[in-house]
Asker: 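Take a look at this one; I'll ask things after.
Just so you know, these numbers use all the heavy atoms, side chains as well, and skip hydrogens, waters and symmetry mates. Whatever order the structure lists ligands and atoms in, that order sets their numbers, starting from 1.
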Amino acid sequence: MKKRVGLLLAIITALVMLVMPLGTQSAHAADTSLQDIQKKGVLVMGTSPDYPPYEFQATVNGKSKVVGMDVQIGQKVAKDLGVKLKIKSMSFDSLLVALQTGKVDMIISGMNPTPARRKNVAFTNTYYQGGYDIVINKTDAAKYKNKDSFNGGTLGAQTGTTQYNAAKKQTKNTQVKGMTSQSDLILALQSHKIDGVAMEKPSAEAYVANNKQLAAIPSKFNMSSSATSSAIAFRKGSTSLVNKVNQTVAEIKQEKLVKKTYLPTAGKYLKTNTVNTSMGHYWQAFLTGIEYTLIITVCSVFFGFIIGIVLALARMAKGGVFKTILRWIATAYVEFIRGTPMMVQVMFVYFGLGLFVNLPALTSGIIAISLNSGAYVAEYIRGGINSVDVGQTEAARSLGMSNGRTMRYVILPQALKNIWPSLGNEFITLIKDSSIVSIIGVTELIYQSNIVRSDTYRGVAPIVVIMVLYFILTFTASRILNYFERRMQHA
Ligand code: ARG
């Protein structure tokens, strides 16, 4: 009973310590936003490149790139500030968090400056007025006229967007299906999983112009002008930066740059984008994916193993107060990690710890997965150590070996041999599960397949390709592990 209470307390203390600093950030620091960016020399723009002509992936000179009118606006903003532009892609619903936690410096992503968003971030003046359409399959053109025609049907919209809220509030008897990626919504539409996709009119027109099977109808959503025009978002309180960028926005509007140059350029990319959609054409993207998947897995297995040994020893520590506390902490850690989804842990390390230290996505991913794997490995090791006969310890001790040396030279090697199959399993599992870090934008296999999907508008082929690639990876790994297992048996 006493043990339980201690454990519970340890868990709660750990939780409180983790969460407390998040709420106590000072809100009124002096505004140095403009100086900060100019000193840094780079402006990181967050965007969700699934929204042509605003932003989308296109193959330029054999390389996949983010292009579109928002990218050109970003370039002009950076140029006027005298800094370099860096683009960071992520799903639309991650953008606001990424801005608030300093992962990006600004958002340009066709984002509407709605009152709800204004509570959390600062917007420039609007640079473009869109309005809303609904994209449907052309074969259904007779059936659907506007939002009210979807009675009894399903309307799709990207999660976290204005149109998603509108679809929820302004339709009757219509199921609203939210997905994080706009390209996935289009694929769902084409495979008749949903009946329509709501989106900004220019985007609807771009999708329709690129795909003969699609058509656009007016949405008839009732929306305020702040919900139909786009603006650039910065962190709250960045008044000096926003004021400066407003000059750029004013110039863009005055010279009608969007209509005159940005949109036509985007249109050109959209056409060249439909040229080659064979999977072989994207071998480089898949290769990079394999590379990153392996980097993450190998690093995480290595660090996870070290963490695992430390945790296992801590969990098995017996005696004095200090060792008891150590045991509690290790136990609480293992229970906590096993009791929360790895996806949440990855986001916590990236966004949560990101408030204190700005870790790149790859590092965050490796840290999160190592910490996670460590908890599981600790249990294997503990089991392995327990599986070694006590006679071994007694023999070593009676030969005059110290506790530490007994562990290192007698127990651990035998334990390792016993748990080798479980460790191998962990390795294989990590090859597959490391795919979770795609959500924070690490360019591993899943991430690459998403890029290829939005590049080619092909839904199934990239999935088949990565399925085969993952299998080749795991199968090779398990052969190699078997080989070592056999050698250890002979030793
Ligand atoms: N206009 C909508 C909003 O602000 C959607 C923008 C979606 N943008 C994108 N890049 N997918 O909520």
Asker: Working note: Ser370 + Ile307, criterion side-chain contact (heavy atoms from CB on, under 4.5 Å); need CA distance, chi angles, decisive distance, verdict.
Answerer: CA-CA 8 Å; Ser370 305; Ile307 296 172; 4.2 Å; yes

Asker: Does OH belonging to Tyr144 count more than 12 external heavy atoms closer than 6.0 Å?
Answerer: yes

Asker: Less than 4.0 angstrom from a charged side-chain N to a carboxylate O is my criterion; do Asp184 and Arg453 meet it?
Answerer: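 Yes, Asp184 and Arg453 are salt-bridged.
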
Asker: Do the side chains of Asp148 and Lys172 get close enough for a salt bridge, i.e. N-O under 4.0 angstrom?
Answerer: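 Looking at Asp148 and Lys172, the cut-off is not met.
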
Asker: Ignoring hydrogens and geometry beyond distance, is a side-chain donor-acceptor pair present between Thr32 and Asp36 at under 3.5 Å?
Answerer: yes

Asker: Does NZ or CZ of Lys103 fall inside the cone over Tyr350's six-membered ring, less than 6.0 Å from its centre and within 45° of the axis?
Answerer: yes

Asker: When you check ligand 1 against the protein, what N or O pairs turn up below 3.5 Å? List the atom names and distances, or just say none.
Answerer:
| residue | atom | partner | partner atom | Å |
| --- | --- | --- | --- | --- |
| ligand 1 | 1 (N) | Gly110 | O | 3.1 |
| ligand 1 | 1 (N) | Asn112 | OD1 | 2.9 |
| ligand 1 | 1 (N) | Asn112 | ND2 | 3.4 |
| ligand 1 | 1 (N) | Tyr132 | OH | 3.3 |
| ligand 1 | 1 (N) | Glu200 | OE1 | 2.5 |
| ligand 1 | 1 (N) | Glu200 | OE2 | 2.8 |
| ligand 1 | 4 (O) | Asn112 | N | 2.9 |
| ligand 1 | 4 (O) | Asn112 | OD1 | 3.1 |
| ligand 1 | 4 (O) | Arg117 | NH1 | 2.8 |
| ligand 1 | 8 (N) | Ser109 | O | 2.8 |
| ligand 1 | 10 (N) | Ser48 | O | 2.9 |
| ligand 1 | 10 (N) | Glu55 | OE2 | 2.9 |
| ligand 1 | 10 (N) | Ser109 | O | 3.4 |
| ligand 1 | 10 (N) | Ser109 | OG | 2.9 |
| ligand 1 | 11 (N) | Asp50 | OD1 | 2.9 |
| ligand 1 | 11 (N) | Gln158 | OE1 | 2.8 |
| ligand 1 | 12 (O) | Arg117 | NH1 | 3.4 |
| ligand 1 | 12 (O) | Arg117 | NH2 | 2.7 |
| ligand 1 | 12 (O) | Thr162 | N | 2.7 |
| ligand 1 | 12 (O) | Thr162 | OG1 | 2.9 |

